[in-house]
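Down below is the structure, laid out as structure tokens.
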Amino acid sequence: MKTTEYKWPYDNEMDQEETIESDVLVLGGGLSGCFAAVAAARKGLTVTVVEKGAVEKSGAAGTGFDHWESACTNPCSGVTPEEIAEAYVREQDWYSNGIAHYIECREGYDRLLDIEAFGGKIRDTENQFAGAEFRDEKTKLMFAYDYKNKFTIRVWGSTFKPALAKEMKRLGIRIMEHTEATGLILAEEQGKKRGAGAFGMDVHTGKFYTFRAKTTVLAMSRPARVWLFDPDMTGLCEFRPLQSIGSGHAMGWRAGIEFTMMEKSVRAEFSAAGRSFPPYGAGNNHNTWYAATMVDARGVEIPYVDRDGRELKTVSERYYPVPGQKFFLKGGVIDNPKYEYRGPETLDFETLMERGYQLPFYADLSRMPQDERRVIWGMMVGEEAKTKIPIYQNYTERGFDPEKHMLQSYGTGWQSASFLEQERQFFGAPGGLMHDWDLKTNVDGIYAAGDQLYASDCAGFACATGYYAGRKAADYAGTAVLPEIRKEDAEAEKQRLYAPLYVEREDGTGWRELNMAIAKAMQNYCGGVKCEALLKEGLDLLKSFEREIVPKLCASNPHELMRTHEVLDILTVAELVLYASLERKASSVPLCFARSDHPHMEREEEKRHIVIRQEEGIVKTRDVPLDFFGNLREEYEKRNQDYIGGGI
Amino acid sequence: MKKVEFTAEPVSSSASPLKYDAELCIGCNRCAYVCQCDILLPSEKKGEHPVVMYPGECYYCGACVMVCPRPGAIRLVHPLMNRAKFVPAL
């Protein structure tokens with residue numbers, strides 16, 4: 001049998017290495033990383049960004065996004081940053097990132113104005129939606145969800161990454177594209193560990209990099225492919241981009257960084273390699289598609305109800321709080337909020353079945369007012385990531401016309417599918433890196449932003465926290481000296497990274513096989529209901545993979561090497577999840593955490609952050625009260641007078 | 001590290017996410033550059049479209065199509081199982 005073998009099209013530089021020095025090193029070139037870099041550059045520091053893809057189109061928002069949430073300081077807003085940040089905290093039962101969310105509520109709109117200055121489109125400058133109920137005539141800003149309080153802005157997110165990329169180049173930020181960050185470098189100063197930079201590898205040429213820096217910002221999103229995997233359509237098995245699998249969490253854990261809430265995961269909501277359909281590509285009325293008219297197979301409209309179960313009569317009512325309710329929460333992370341914050345929704349599936357509604361259901365935009373129809377199909381679907389080409393253009397080419405057709409809904413909700421309890425994901429507001437009011441981790445000189453933070457949110461969150469972490473990192477770098485690094489650390493990392501290239505293919509194991517085994521193990525040992533014996537067996541199995549399988553991993557080129565490194569990181573994250581799960585000896589609704597050996601719901605004294613880290617292989621924990629962040633407004637203002645006064 | 005020769009061979013997938021029109025494509029490789037999953041490798045022949053080396057790793061984001069300077073040169077195609085149905089409105 002002849003196999004087609006290709007000559008590697010890029011240079012082979014695996015025998016080369018380079019050291020690059022900067023004041024601030026940013027790992028990850030998504031929204032949060034780009035903004036971290038901009039902040040540090042504005043403060044006059046030298047910045048290097050390490051991005052696995054190309055900054056212009058990388059990250060979860062690489063191809064766009066549609067709704068800028070929690071923009072509480074926009075000129076049309078009817079809510080204060082305190083109101084929304086505190087609402088999220090209460091909604092999430094205090095298992096919430098008050099600090100980061102407040103930063104988003106307070107500074108997020110400023111970042112949106114930055115994007116506009118960089119060339120991104122944030123308002124309806126072309127008057128395409130003049131006169132629409134969701135549009136403010138004066139500012140031309142367009143709003144989603146709550147039209148009364150106007151704190152989520154509809155934006156042309158497909159223009160954002162290109163605008164950010166352009167600005168970064170203009171600012172002279174060094175952008176290392178097609179480069180994976182693989183491990184943190186630590187130095188010791190006065191008996192304390194501190195960040196000294198990171199190692200990396202060019203994913204096209206195999207060249208090795210040592211990035212020395214005074215401060216490092218971790219901005220590599222959240223983990224994935226821990227429970228869900230498909231060896232055939234790997235790119236579709238998770239919601240976020242394939243290569244975004246939590247390398248920041250893995251390298252952070254290895255470096256002794258603290259984490260919290262890593263025991264939290266939810267039953268999977270999305271996997272297009274399996275039951276789901278392309279994101280935003282099936283009929284629904286959630287998020288991007290809110291508040292689409294839904295009908296059943298007979299064409300009977302499915303009622304929207306307010307939080308008291310009262311059926312709404314008009315489309316317009318879907319976008320307003322009820323009398324006595326100040327505002328409602330809706331968006332990416334908020335699924336079914338508490339009564340206080342609950343907005344209009346279609347009747348739940350069970351009730352519809354009882355009342356005789358017939359499957360399949362459809363999203364029928366043809367029945368909607370023109371502005372609502374056009375803003376959903378053509379703006380939200382079009383500007384949201386993974387929609388302009390895969391949904392808007394693709395479906396239009398297939399003949400879809402929202403004025404004439406209705407799009408089928410699958411499953412019982414926006415997810416378009418129903419998964420098993422053992423199939424889990426880091427959806428919503430899962431765990432992540434623990435941090436303080438500077439978005440600094442427990443290791444001096446290492447900061448974090450965006451989805452790396454625990455209980456993180458959406459694009460506005462990423463931009464706001466990215467910028468904030470960048471300026472805090474810059475302030476520290478301004479006073480710091482470049483730490484010395486040890487040659488043996490680089491040598492050890494090179495051995496680890498390149499080993500698969502030397503394993504004979506016939507004797508070797510591919511990255512897919514290992515990822516598949518990790519996912520199945522996690523479904524078995526860390527599924528919907530956990531217990532100590534299962535968790536420990538799971539750890540035992542994963543440790544055996546480390547000992548026996550990792551040395552056999554093989555790769556033939558830098559691309560396969562990169563994929564292999566990702567699975568090594570997934571293995572680390574899976575272990576971290578097991579450790580965190582073992583530590584919480586109670587069940588918890590807000591953490592979506594159920595233990596059969598500790599089935600009691602957490603008592604008052606058990607409600608806390610179990611902050612976890614490892615030190616030379618020993619897992620250590622400490623308790624942190626859920627309200628550790630204090631009064632959000634006071635604590636923020638104490639530490640950010642320079643910014644409030646008009647500083648960078 | 002001691003040099004090892006890099007080789008690549010296409011990894012087959014049940015899906016074919018990307019279709020190139022060889023007539024329209026100018027071989028600029030912008031698609032290969034922006035693909036964050038790195039599934040496209042530039043062709044050995046200058047002016048030819050990239051090779052879809054790792055189709056199973058496609059994330060179906062459409063970035064490649066967005067940056068292509070020649071409309072129609074590259075098309076994104078969903079796996080058959082993922083083509084959501086639409087029908088005439090009632």
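By convention in this document, chain letters (A, B, ...) are assigned in the order of the sequence lines, proteins followed by strands, and residues within each chain are numbered from 1.
Proximity to chain B is absent for every atom of A/Phe208, based on heavy atoms less than 4.5 angstrom apart. A/Phe400 touches chain B through backbone and side chain together, each having a heavy atom under 4.5 Å away. B/Pro17 does not touch chain A: none of its heavy atoms, backbone or side chain, sits under 4.5 Å away. Contacts of B/Met53 with chain A are made by side-chain atoms alone, with heavy-atom separations under 4.5 Å and no backbone atom involved. Contact annotation for A/Ala555: neither backbone nor side-chain heavy atoms come within less than 4.5 Å of a heavy atom of chain B. Contacts of A/Glu51 with chain B are absent, with no heavy-atom separation under 4.5 Å from either backbone or side chain. In this structure, the portion of A/Asp364 lying under 4.5 Å from any heavy atom of chain B is its side chain and not its backbone. Neither the backbone nor the side chain of A/Lys52 has a heavy atom closer than 4.5 Å to any heavy atom of chain B. Using a 4.5 Å cut-off between heavy atoms, B/Glu57 contacts chain A through both its backbone and its side chain. Of the two parts of B/Cys58, only the backbone, made up of N, CA, C and O, holds a non-hydrogen atom closer than 4.5 Å to a non-hydrogen atom of chain A.
Judged purely by distance below 3.5 Å, without hydrogens or angles, the side chains of A/Glu177 and B/Tyr33 pair a donor atom with an acceptor atom.
For the options A/Pro9, A/Ala54, A/Gly53, heavy-atom pairs under 4.5 Å to chain B are most numerous at A/Pro9.
Between A/Phe277 atom CZ and B/His78 atom NE2 the span is 11.0 Å, to the nearest 0.5 Å.
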